[in-house]
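Here the structure is laid out as structure tokens; the discussion comes afterwards.
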Amino acid sequence: EKHRVTAVVDWEWGHWGDPMEDLGNICVREFWNPSGGLKGLFELYEQESGIPYQRQSTLYYRVQQNIRGMIPIHAVCANPPPGQSLAWYLCYRYVTDRSTCEGIAEYLGIDLTVPDLPSDIEISEVLPRAALSALRDDVIPRAEDDFLRSRAQDAARLLECIVRKQKFGDWLEQTESEEIAALLGKPATDFQSSNRVLAEAIESRQLEDEPLLQYLARKAYRDEFVYAPVVALYPNRRWSEID
């Protein structure tokens, strides 16, 4: 406008497609950055654009957007680049794993069962408690550089996750192995073998949708619990109700 750049259009995912894909993307944006809810918005979209609003298609694309974003997030969590925040990547991973299961369940009309979770813990071990105290009481309050303060906060959260993994790791692996065995109708084996057999069963389409989704959702709720210190970076994220 008048020889000045006033806006930038990001065409990274631009393509011919279903207009409902845009509405699914709006759902994802609202999930991460709540702006007052979506109730009434898509009916208004239909009224103003003349494009028929299709709720089931929007729910489908909501899930599709989540999965498309999470494929690289899962990869980067396994090999985080130096200088980038693993804490934030883990937050995205575990919150989105859970919300993807919830999104699929809503699309299919399935009521998910939230599993019983252990009582939370206080960190009593001397070494992690001392390290957390040094970070939170000494380093972070005196860190004048924003990047340094952010990295110290990330380190504190990751240290809490390490303690929780040590505390809940055996429970988590045993529970997963037992539930996979029940899902497949086979005797329980070790955690790694159970996951390998489950992956093979999914690839060969041996499992019905609902029991598989119920298991994956329970797994996601448990993972989110174990990684609660990083999940707290984006607390209480839930899908907004749509028309």
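- Within 6.0 Å of CG in Asp18 there are more than 12 heavy atoms belonging to other residues, nucleotides or ligands.
- A continuous path of ILVMFWY side-chain contacts below 4.5 Å connects Ile51 to Leu59, so both sit in one hydrophobic cluster.
- Contact check for Ser99 versus Asn66: side-chain heavy atoms found under the 4.5 Å cut-off.
- Cluster membership check: Tyr107 does not share its hydrophobic cluster with Leu216, using side-chain heavy-atom separations under 4.5 Å among Ile, Leu, Val, Met, Phe, Trp and Tyr.
- Judged by distance alone, with hydrogens and angles left aside, the side-chain atoms of Ser193 form no donor-acceptor pair with the main-chain N or O of Thr189 at under 3.5 Å.
- At a threshold of 4.5 Å between non-hydrogen side-chain atoms, the residues Asp190 and Ser177 do not count as touching.
- Following chains of ILVMFWY side-chain contacts shorter than 4.5 Å, one can reach Phe168 starting from Ile123, so the two form part of one hydrophobic cluster.
- In this structure, Leu213 is a member of the same hydrophobic cluster as Ile67, with clusters built from ILVMFWY side-chain heavy atoms closer than 4.5 Å.
- Distance alone, capped at 3.5 Å, places no donor-acceptor pair between the Asp223 side chain and the Tyr94 backbone.
- Enclosure of atom CG in Asp145 by more than 12 non-hydrogen atoms of other residues, nucleotides or ligands within 6.0 angstrom is indicated.
- Around atom CD of Glu208, no more than 12 heavy atoms belonging to other residues, nucleotides or ligands sit under 6.0 Å away.
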Quick one: do Gln84 and Tyr89 satisfy side chain to side chain donor-acceptor pair (under 3.5 Å)? Show the steps, please. CA-CA 9 Å; Gln84 296 190 22; Tyr89 284 133; 2.2 Å; yes
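- Annotation for Asp170: atom CG does not count as buried by contact number, only 12 or fewer foreign heavy atoms lying within 6.0 Å.
- Checked for salt-bridge contact, Glu176 and Arg218 miss the test: no charged N lies under 4.0 Å from a carboxylate O.
- Side-chain contact between Tyr92 and Leu233 is absent, with no heavy-atom pair separated by less than 4.5 Å.
- Crowding of Asp120 atom CG: a count of heavy atoms from other residues, nucleotides or ligands under 6.0 Å exceeding 12.
- Counting heavy-atom neighbours within 6.0 Å of Lys39 NZ, excluding the residue itself, gives a total above 12.
- For the residue pair Glu122/Ser124, the side-chain donor-acceptor check at 3.5 Å is not satisfied.
- Linking ILVMFWY side-chain heavy atoms closer than 4.5 Å, directly or via other members, places Ile202 and Met70 in two distinct hydrophobic clusters.
- Salt bridge annotation for Glu125-Arg129: absent, with no cationic side-chain nitrogen under 4.0 angstrom from a carboxylate oxygen.
- The main-chain N or O of Gly37 is found under 3.5 Å from a side-chain atom of Glu30 such that the two form a donor-acceptor pair.
- Arg157 has no carboxylate O lying under 4.0 Å from a charged side-chain N of Asp154, or vice versa, which leaves the two without a salt bridge.
- At least one test fails for Arg93 against the ring of Tyr227: distance under 6.0 Å to the centre or angle within 45° of the axis.
- A cation-pi contact links Arg62 to Trp239, judged by a cut-off of 6.0 Å to the six-membered ring centre and 45° from its axis.
- If you check the side chains of Glu178 and Gln174, you find a donor sitting under 3.5 Å from an acceptor.
- The distance from the CZ atom of Phe42 to the OG1 atom of Thr58 is 6.0 Å, given to the nearest 0.5 Å.
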